[in-house]
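Heads up: the structure comes next, in structure tokens.
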Number of protein chains: 2
Amino acid sequence: MAKAGNQREFTVADVAREAGVSKAQAARALGAYGAVSDAVRSRVLAAAARLNYRPNQTARTLNTGRSHSVGVVVGDIENPYFSLATRGISDAVERSGFNVVLANTSERVTAERAAVDMLMDKRVDGLVVAPASASDAAHLRAVVDAGRPLVLLDRTVPGLAVDAARAEIEPAAREAADLLLALGHRRIGYITTADGGHTPLPSPVAARVAGLVGGFTDHGLTWDPGLLRPCPHEEAAIRRAVADLVRGADPATALIASDSLIGQVVVGALQEEGLRIPDDVSVLMYDDQPWARLVTPPITVVAQPTYDIGFAAGERLAALIGGATNPPPLVPLPATLIRRGSVGPVGGGPAARS
Amino acid sequence: MAKAGNQREFTVADVAREAGVSKAQAARALGAYGAVSDAVRSRVLAAAARLNYRPNQTARTLNTGRSHSVGVVVGDIENPYFSLATRGISDAVERSGFNVVLANTSERVTAERAAVDMLMDKRVDGLVVAPASASDAAHLRAVVDAGRPLVLLDRTVPGLAVDAARAEIEPAAREAADLLLALGHRRIGYITTADGGHTPLPSPVAARVAGLVGGFTDHGLTWDPGLLRPCPHEEAAIRRAVADLVRGADPATALIASDSLIGQVVVGALQEEGLRIPDDVSVLMYDDQPWARLVTPPITVVAQPTYDIGFAAGERLAALIGGATNPPPLVPLPATLIRRGSVGPVGGGPAARS
DNA sequence: TTGAAAGCGCTAACAG
DNA sequence: CTGTTAGCGCTTTCAA
């Protein structure tokens, strides 16, 4: 049972000695740079293999300034949106030889700032950040000013000239609004997450709300902003919001969940309240998830190509790090309304479900 | 628009000059080590703040040998099991000041080996690995031999004296078997993932199967191993396995899904096959997920405290890195059978559902 | 307590 | 092509 670990690791110097060449030549052969004769290269490589030599990336990073790793800062890796996007980012950057250093912020700006600083100190070659705040972004600006490539995920930051990998939400949001309006819904509750009063709303939330408002306006109607319920990502708070919306004096006849984590709670709360979907309350959710097709009725959703969004972010970041002067701009990927059974006419009327 | 990035970062030398002290003293004050007078410390700290100095972690790592980051190697971060566990690991190690470097292996040993090597080269202070193979573990042994702390996640490796953070699966698996047997099930299909013939089975799968087999044995029966279906993590393959099991000559009356990703597909496949749960086929799934309570009928599951498992792994790793001589051993956390509506008597008989 | 100087392991000039 | 000599930015002897 080798409990050792004391055995000093071999270095280029060791390999050089073993191969009988200078340290520089060994380093060149090992690092695959500079000019090395075939003879020397093979001798060095053989020596390295014999010693089981492994290069010290830290040393390499120290004088090249490149760490071959990128930072990914998300709200919460257990949110399916982020885990899928992270997988996309990871797959994209690994292809270019980068590692992913992950940080969760729990959607708190202070945690985000700390994470970004730490990653900068670790000399990551670039960052993908899903900003928790649309206004508090000095730390992101600092990244840009330091010349470190940055790509935003899902959310844009006004005033920050940095592209975001995201879906084009508004058209689908509008389509969703039209669907609900056509079925007679006028009281539409919108549940999103926010720790306290996020002002302004994060851009994707703003787009969702804008689509809804736009739909109402087109019909000469006005959406009651009192039906917007920002609440912390806690089950109890979401349940309270649901109860409040559907049990109030002028109750909502339809509920929109801003993401699948919220959607889950909404559907569960409705079931426990004994309310039928869509007869009593229609439900529409952002982010398609496999389970959305499994429940009865299946949930109508606005689907986003989350993996692809992450992958695009990763590709872009890799290109920027690679020094691409003008990488193709990040185009918002289409979000699509998928009609399933959870949206129906107000009051469970006879009109066809959608 | 500061497109700069050329502005060389400030170093200890700069801070020292600005503070009018030696480089060594500045470094000591900045790094909070060695002996520094209060006067010097405050002068240095003030100078650092003035210059907006940020320490270069890479340099620090190079000569301390500590990177303050840990590697996490999982099969697939988009699998809810791993994303939740990763969050647990992350929360635990961040508490001790470590970052998480993430690597996905897609359950391929070659990818795992490459990831482990890369992380070792990056000088991570320790590793959490969910090994893809129970037999091919030379790279993990190398980690141990190098004296780098290692904690396994979910799966153990025979012959590797390394603790795994995991759930105690077998008792719950046995309980699940008893439940199914009591309801008259004899043909129980078990669907798990494996890319090709994993021999031996990964330990958690083995435990699940052992529980099943043990239950049969207790009743003087034998579980037909032909009902074990290892298939790749692809929807089509899983659907094929389901169809095969429930449509064969001697069809399975109950299906066990080895994780929630498989469970999702199984439930969907059954719905599309027009088979009712549990009247035509009973379903039991490993890993509880919120959606399991949302579908009709809700799914009977064996739940694991996944976040806690990850957290325990992270805590242990941090302790080992901290040089704890004898950190408390990792005790398997309890898995529990949660009876919901998806398991019923064979043939949809009148006996109470469970 | 302080400072000078010597590394950590590698890459990058610069001569030969 | 090869070897020598400096560093990268920080920590760490070792004297003072």
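Each chain gets a letter, A, B and so on, in the order the sequences are listed, and its residues count up from 1.
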Q | Spacing of B:F10 atom CZ relative to D:dC10 atom C1', expressed in whole Å | A | 17 Å
Q. Within this structure, what is the CG-to-C1' distance between B:L30 and D:dG9, rounded to whole angstrom?
A. 12 Å
Q: Check DNA chain D for consecutive Watson-Crick or G-U pairs with both distances under 3.5 Å and list the runs of at least three as stems.
A: C:1-16 with D:1-16
Q: State, yes or no, whether a side-chain contact exists between B:V44 and B:Q25 at a heavy-atom distance under 4.5 Å.
A: no
Q. Do A:L127 and A:V116 touch side chain to side chain, with heavy atoms closer than 4.5 Å?
A. yes
Q.
Just to be sure I understand the geometry, which residues of residues 59-71 of chain A put a non-hydrogen atom under 4.0 Å away from DNA chain D?
A. A:L62, A:N63
Q. Just to confirm, is there a sub-4.0 Å distance from OP1 or OP2 of C:dT11 to any side-chain nitrogen or oxygen of A:Y33?
A. yes
Q: Specify the closest pair of heavy atoms between B:S203 and B:T156, including all atoms of both residues, with the distance to one decimal.
A: OG-N, 2.8 Å
(Q) Please give me every residue in residues 115-126 of chain A whose heavy atoms get under 4.0 Å of an atom in DNA chain C, ordered by residue number. (A) none
Q. Counting only non-hydrogen atoms, which of residues 46-56 of chain A are less than 4.0 Å from DNA chain C?
A. A:Y53, A:P55, A:N56
Q) Charged N to carboxylate O under 4.0 angstrom, B:R87 versus B:D91? A) yes
(Q) Checking A:E94 now: which residues fulfil side chain to side chain donor-acceptor pair (under 3.5 Å) with it, not counting sequence neighbours? (A) A:S90
Strictly under 3.5 Å: I want the nitrogen or oxygen pairs between protein and nucleotides 2-4 of chain D, one per line.
{"residue": "D:dT2", "atom": "OP1", "partner": "A:S37", "partner atom": "OG", "Å": "2.8"}
{"residue": "D:dT2", "atom": "OP2", "partner": "A:Q25", "partner atom": "NE2", "Å": "2.8"}
{"residue": "D:dT2", "atom": "OP2", "partner": "A:S37", "partner atom": "N", "Å": "2.8"}
{"residue": "D:dT2", "atom": "OP2", "partner": "A:S37", "partner atom": "OG", "Å": "3.1"}
{"residue": "D:dT2", "atom": "O5'", "partner": "A:Q25", "partner atom": "NE2", "Å": "3.2"}
{"residue": "D:dG3", "atom": "OP2", "partner": "A:S22", "partner atom": "N", "Å": "3.1"}
{"residue": "D:dG3", "atom": "OP2", "partner": "A:S22", "partner atom": "OG", "Å": "3.2"}
{"residue": "D:dG3", "atom": "N7", "partner": "A:R28", "partner atom": "NH2", "Å": "2.6"}
{"residue": "D:dG3", "atom": "O6", "partner": "A:R28", "partner atom": "NH1", "Å": "3.3"}
{"residue": "D:dG3", "atom": "O6", "partner": "A:R28", "partner atom": "NH2", "Å": "2.9"}

Q) Just wondering, are more than 12 heavy atoms of other shown residues or ligands nearer than 6.0 Å to CZ in A:R50? A) yes
